[in-house]
Amino acid sequence: MTEKEQIEALRAELHQHNYNYYVLNAPVISDKEFDDKLRLLQDLEQRHPELYDANSPTMRVGSDLSKDFKQVTHKYPMLSLGNTYSESEVSDFYNRVKEWLNGEDFEICCELKFDGTSISLTYEDGKLVQAVTRGDGEKGDDVTANVKTIRSIPLVLHGNFPKSFEIRGEILMPWEVFEQLNREREAREESLFANPRNAASGTLKLQNSSIVASRKLDAYLYYLLGEELPADGHYENLQCAASWGFKVSEHMRKAHSLQEVFDFINYWDTERKNLPVATDGIVLKVNSLRQQRNLGYTAKSPRWAIAYKFQAERALTRLNKVTYQVGRTGVITPVANLDPVQLAGTVVKRASLHNADIIEGLDLHIGDMVYVEKGGEIIPKITGIDTDARGFMLGEKVRFINRCPECQTPLVRYEGEAAHYCPNETACPPQIKGKIEHFISRKAMNIDGLGPETVDLFYQQGLIHNVADLYTLRANDIAGLERMGTKTAVKIIHSIADSKEVPYERVLFALGIRFVGETAAKKLARAIPSIDELASADVEKLKNIDEIGEKIAQSIVSYFQNEANRQLVERLKTIGLQLALKEDDQASPRSNKLEGLSIVISGVFSKHSREEYKELIERHGGKNVSSISSKTSFILAGENMGPSKREKAQQLGIKLMNEDEFLTLIS
Ligand code: IVH
């Protein structure tokens with residue numbers, strides 16, 4: 001083989017490996033083997049500049065995984081703080097500092113502990129040059145492009161700043177933005193963020209910085225590091241930083257006694273509820289940098305600072321009864337029904353009891369006074385019982401049910417699982433409805449115009465009993481039902497018919513086989529490209545597929561052992577759903593470059609058909625919507641776009657993108 005042929009072969013091979021790794025998530029060689037080949041190619045290319053190729057794998061690395069962020073070693077490691085939970089621990093800290101400083105006077109800088117995700121920013125000559133996440137404290141991800149979209153982080157400084165320094169702080173998603181984002185996600189049937197912290201860190205790791213920009217993150221800076229800082233005081237340095245353009249909390253105070261520290265803590269314990277961002281405690285720092293150096297560090301954290309964590313808010317209320325919900329996969333969730341009680345801004349009436357073991361562990365009785373907490377989760381949970389409040393008469397002990405509350409089938413519990421299930425998959429009403437709701441949801445068949453309420457209505461009317469029945473509905477059957485005009489009815493029937501084009505991997509996910517989520521469905525579809533082969537695969541064969549373990553494999557086998565499921569699949573096949581991988585599905589690239597974007601297609605195109613563009617948008621994670629609204633991200637505009645559309649786009653300030661720009665965006 002000549003070196004030219006060798007270069008060409010390596011390029012082709014590495015392109016394929018890149019695709020396997022970044023797009024399919026299914027590498028077939030190790031990272032090291034890949035790197036070795038890439039290095040070999042680099043060497044060869046260096047010796048043959050005449051064979052330059054702007055698209056060589058040495059030029060471009062895949063870019064749709066968070067693994068893509070460059071790892072950067074922190075110049076100063078990012079340590080965490082020791083936590084304290086009581087006044088006595090705070091006073092221990094204060095007295096330790098006093099002792100170590102040999103009676104020298106000292107000030108304590110009291111600050112809010114912001115509950116977001118920490119970031120380290122490097123500035124050179126007044127310009128932001130790098131933003132790195134905490135990572136493991138030694139190394140973090142370079143998220144500069146994303147951080148640059150955060151408006152409260154200055155890109156260029158003003159005033160008298162040091163030539164080179166680092167500044168650290170917390171990136172936050174304000175409560176209001178968080179709530180709005182979750183409302184939107186709920187409407188799109190996407191999973192919700194549990195709290196603003198997760199939302200902030202999730203956003204910071206997105207690949208598409210224009211989505212990051214739309215998420216309206218905020219940042220407070222609280223720690224300046226460098227060789228030439230303006231003052232010896234931490235507080236004073238941060239005031240200088242504020243004058244260079246940084247957002248520094250206005251609630252920092254210097255305390256000169258333990259009492260002043262307690263006053264600060266007590267004030268913010270209640271007042272924090274009025275802040276626009278989440279806080280989870282107070283940070284106390286010895287103010288003088290000289291004294292900080294004297295005190296030094298333990299292996300994990302500084303001796304000159306400590307965090308005081310606020311008690312999670314909890315409320316005490318009465319347990320009236322326990323009810324049981326049946327989910328779409330048959331999982332039974334026990335729910336505590338409570339006397340309504342005010343907790344962290346909302347009234348709580350129900351709380352999750354998770355599973356039978358938790359109920360048993362709590363030794364719960366009806367009528368008990370229980371503690372409710374809002375942890376990281378959105379749904380509050382019961383964390384304990386006030387046994388002192390129990391009278392002579394103890395209420396009835398709460399015992400987990402044995403039969404499904406909806407269809408009376410005896411419940412089962414799988415080995416190693418905490419949850420109980422109703423095994424009556426095909427005839428238990430909430431499971432039937434839940435399966436249909438899952439089937440039509442955005443990430444599955446994405447059937448527009450249908451939602452849980454409509455499914456419920458169709459089910460109540462006896463029009464549908466399983467997902468295949470959807471395809472037999474006619475506009476006439478549903479027009480005239482509650483809140484259903486002819487126009488809506490026709491639209492629904494059309495979008496049901498359109499879903500016959502949804503690719504195999506999503507149909508597989510849509511079937512709702514227990515434990516087969518989106519990722520597992522993708523892996524399965526790629527490894528076993530038709531449902532017939534999947535139906536006859538045994539546990540061993542399934543377990544050989546990447547990321548498919550015993551549990552998923554068993555679940556698939558038992559799904560196809562069920563005669564009702566086999567019949568359903570046969571019907572779906574006859575109806576014309578994609579129950580095998582299309583040839584070109586295996587070859588064309590996918591990404592999440594358009595994730596979260598709503599795109600309108602308008603006009604006539606020359607390079608691809610409208611349908612092909614629609615497919616491309618979906619392949620790259622975007623959503624094709626039919627009409628322009630303020631939520632439209634951009635318009636893919638061809639020739640002869642209608643004047644009214646053009647005007648509307650202009651009014652709303654929505655960008656038009658031509659074919660070439662669009663193809664470059666997804667390439
Ligand atoms: S100072 C060496 N100040 O809390 C001290 N941290 O466990 C560096 N945090 O990772 C941190 N508010 O993400 C400091 N006012 C504040 C803070 C704060 C929140 C976070 C930060 C850090 C963690 C400490």
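Note that this is a predicted model, so its numbers are computed, not measured. In listed order, ligands and their atoms are each counted from 1.
In this structure, Y123 has its ring center closer than 6.0 angstrom to the ring center of F246.
Scanning both residues, F310 and R272, for their nearest heavy atoms gives CE1-CD, 3.2 Å.
By the 4.5 Å heavy-atom criterion applied to side chains, L206 and E595 are counted as neighbours.
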Per-pair distances, 0.1 Å, donor-acceptor, side chain in residues 94-106, under 3.5 Å, sequence neighbours excluded:
unit_1, atom_1, unit_2, atom_2, d
N95, ND2, S91, O, 3.1
E104, OE1, Q291, NE2, 2.7

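Between the side chains of E176 and Q180, no donor N or O sits under 3.5 Å from an acceptor N or O.
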I'd like the atom pairs linking ligand 1 to the protein - N or O on both sides, separation under 3.5 Å - with distances to 0.1 Å.
unit_1, atom_1, unit_2, atom_2, d
ligand 1, 3 (N), K285, NZ, 3.0
ligand 1, 4 (O), K113, NZ, 3.4
ligand 1, 7 (O), L81, N, 3.0
ligand 1, 9 (N), Y222, OH, 3.4
ligand 1, 12 (N), F114, N, 3.0
ligand 1, 13 (O), S118, OG, 3.4
ligand 1, 13 (O), E170, OE1, 2.7
ligand 1, 13 (O), E170, OE2, 3.4
ligand 1, 13 (O), Y222, OH, 3.2
ligand 1, 15 (N), E111, OE1, 2.8
ligand 1, 15 (N), L112, O, 3.0

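Atom-to-atom distance recorded for R290:CZ and D232:CG is 6.5 Å, nearest 0.5 angstrom.
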